Visitor: 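Got a structure for you, written out below as structure tokens; questions coming shortly.
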Protein chains: 2
Amino acid sequence: MTDNAALEEVDDPRASDGRRPGRRGLATRTRLLGCTAALLERMSYRELKVIDIAREAKTSPATFYQYFPDIESAILALAEATNLDTSPLGEVVRGQSWKGKAGYSVALELVDALLEFWESHRSVLRVVDLLVAEGNLRFQGIRSRMLNDLTLAMADVIADAEGTGRGRSSTQKRMATAGVLVAMLANVTAHRFTFEFWGIPTADLRRSMADVLYTSLTGKAAPRP
Amino acid sequence: MTDNAALEEVDDPRASDGRRPGRRGLATRTRLLGCTAALLERMSYRELKVIDIAREAKTSPATFYQYFPDIESAILALAEATNLDTSPLGEVVRGQSWKGKAGYSVALELVDALLEFWESHRSVLRVVDLLVAEGNLRFQGIRSRMLNDLTLAMADVIADAEGTGRGRSSTQKRMATAGVLVAMLANVTAHRFTFEFWGIPTADLRRSMADVLYTSLTGKAAPRP
DNA sequence: AGAAGTTTTTGACGGTTCGTCAGATTGTTC
DNA sequence: GAACAATCTGACGAACCGTCAAAAACTTCT
């Protein structure tokens, strides 16, 4: 049996003294997380201070430390509390046929859903991405779990398209390709500014993403309407 | 004529009092940048303090403020001082034919070059990426310029592959596709950990990236050896 | 050499945030 | 409403911030 302290932590939050918070305590904790999220929309990760969160939540810094050891932990809790699951996106991928024009419209649908998903969580996700890039294992796990279902679904599409013939690739290779595609989709959103800098409209971006997606998943050129 | 104060700043650094530093001053400035880079390898962006840099450089915090208003500006200067140009990668793309098996090996070559490029600058680039995602315009420019040449080169490859026929796409669409591909390549490196978490070896990753690249640039399926 | 001027560094300081703790406040139970 | 438990906060020493005036190091000129 592995140590599941980290898993417990998710839905069994403790106060700094180790006891389980009650109704009121949990409400305060939730309020602190909400304020953290709100401030992260307005200010940079580096500038965000404990005292800012406390002020926003109309309480004192000491209260913050009652529930979280530091800001990083609060953001971890925030990421866990937020519904960062890509399963609905996985359903989009799985539920439909990827053949021909219909398949291409599924690709477009997925792109839209993913753009929306990332957009609606961008302020948390950009911090998660940084911490993962910094090698922070606590955030590593969250990000992996978040993308896991979508990646598996996409790997299945590749498997279907390949059929059962001799050219069939290994599970690992399909996961690699799916992962690469997810990485692309995820980070185009984060850097939409860069594309605007180059004068590229979002519509073209969306189309290009769908093209890359469709082509790499099915192995066929994207159908031109 | 546009305001080129920002451009001047790059190779015309000023002290906090507005005067040009001399030999010794520039040496100190450079040393501070070096220490900033070194510390960024060891500790997280959020934890990095001015006093850490000063200590590492065997000087006082006041000296740091003589050359940079804050840490963010030091990292900006660091990113500008570092050679973050993708032109050599652009040359890899441009110099060779993208047809058939030879083309696929160019794709592999590009993937390798890009992985190495990102790896060798990862600690700076992950901060640049965060700040760009936060909408920081000063870093926006750096990142765009950095990727500009490579993206243009890749857009040219798409144009070549499309020929001059009627199915030819617009310049903007080709830039969009190239940009999407660059986004993919760039960020797979940053999140290599995630792939290891899934048990995907780097060799598979490299192959998948080359596949996606080749397929999307040339419009043809990747040749199987 | 050394006086005069310039550049660079630093010690010192007031202000802010950090993280902790003991005690005050609020809520619950009997 | 008394006793107990949960929650909050004021207060504090430590660390870091950002600024300034003056010390120190270096250059130039006679």
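Just so it is clear: chains get the letters A, B, ... in the order the sequence lines come, proteins before strands, and each one is counted from 1. Keep in mind the model is a prediction, meaning the values are calculated, not measured. Values below: all heavy atoms of this structure, side chains included; hydrogens, waters and symmetry mates excluded.
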Visitor: Report the nucleotide, chosen from dT10(C), dT7(D), dT9(C), that has the shortest atom-to-atom distance to any side-chain atom of Tyr67(B).
Guide: dT9(C)

Visitor: Measure up the Phe68(B) and Phe64(B) rings against each other and bin them: parallel (under 30°), tilted (30 to 60°), perpendicular (over 60°).
Guide: tilted

Visitor: Is the distance from OP1 or OP2 of dT9(C) to the nearest side-chain N or O of Ser60(B) less than 4.0 Å?
Guide: no

Visitor: Identify whether the distance between the nearest side-chain nitrogen and carboxylate oxygen of Arg42(B) and Glu56(B) falls below 4.0 Å.
Guide: yes

Visitor: Please report the distance, rounded to the nearest Å, between CZ in Arg31(A) and P in dT7(D).
Guide: 13 Å

Visitor: With a cut-off of 6.0 Å (strictly less than), are more than 12 heavy atoms of other residues, nucleotides or ligands near CD of Glu119(A)?
Guide: yes

Visitor: If the cut-off is 4.0 Å, is Thr59(B) near the phosphate of dT10(C), judged by side-chain N/O to OP1 or OP2?
Guide: yes

Visitor: When the distance from CG of Leu32(B) to P of dT10(C) is rounded to whole Å, what number comes out?
Guide: 10 Å

Visitor: I need the CD-C1' distance between Gln66(A) and dA5(D), as an integer number of Å.
Guide: 13 Å

Visitor: Is the distance from OP1 or OP2 of dT9(D) to the nearest side-chain N or O of Thr63(A) less than 4.0 Å?
Guide: yes

Visitor: Round to a whole Å and report the spacing from CD of Glu47(A) to P of dC17(D).
Guide: 14 Å

Visitor: Does Tyr45(B) have Arg46(A) sitting over its ring (NZ/CZ under 6.0 Å from centre, angle to axis within 45°)?
Guide: yes

Visitor: What is the distance from CG of Leu26(A) to P of dT7(D), rounded to the nearest Å?
Guide: 8 Å

Visitor: Over how many whole Å does the gap from Phe68(B) atom CZ to dG18(D) atom C1' extend?
Guide: 16 Å

Visitor: Along nucleotides 17-28 of chain C, 5' to 3', which nucleotides get a B, which get an S, and which get a -, given that the test is a protein heavy-atom distance under 4.0 Å?
Guide: SSBBB----BSS

Visitor: If you draw a 6.0 Å radius around CD in Glu91(A), do more than 12 non-hydrogen atoms from other residues or ligands fall strictly inside?
Guide: yes

Visitor: Check this for me: does any side-chain nitrogen of one of Arg94(B) and Asp149(B) sit under 4.0 Å from a carboxylate oxygen of the other?
Guide: yes

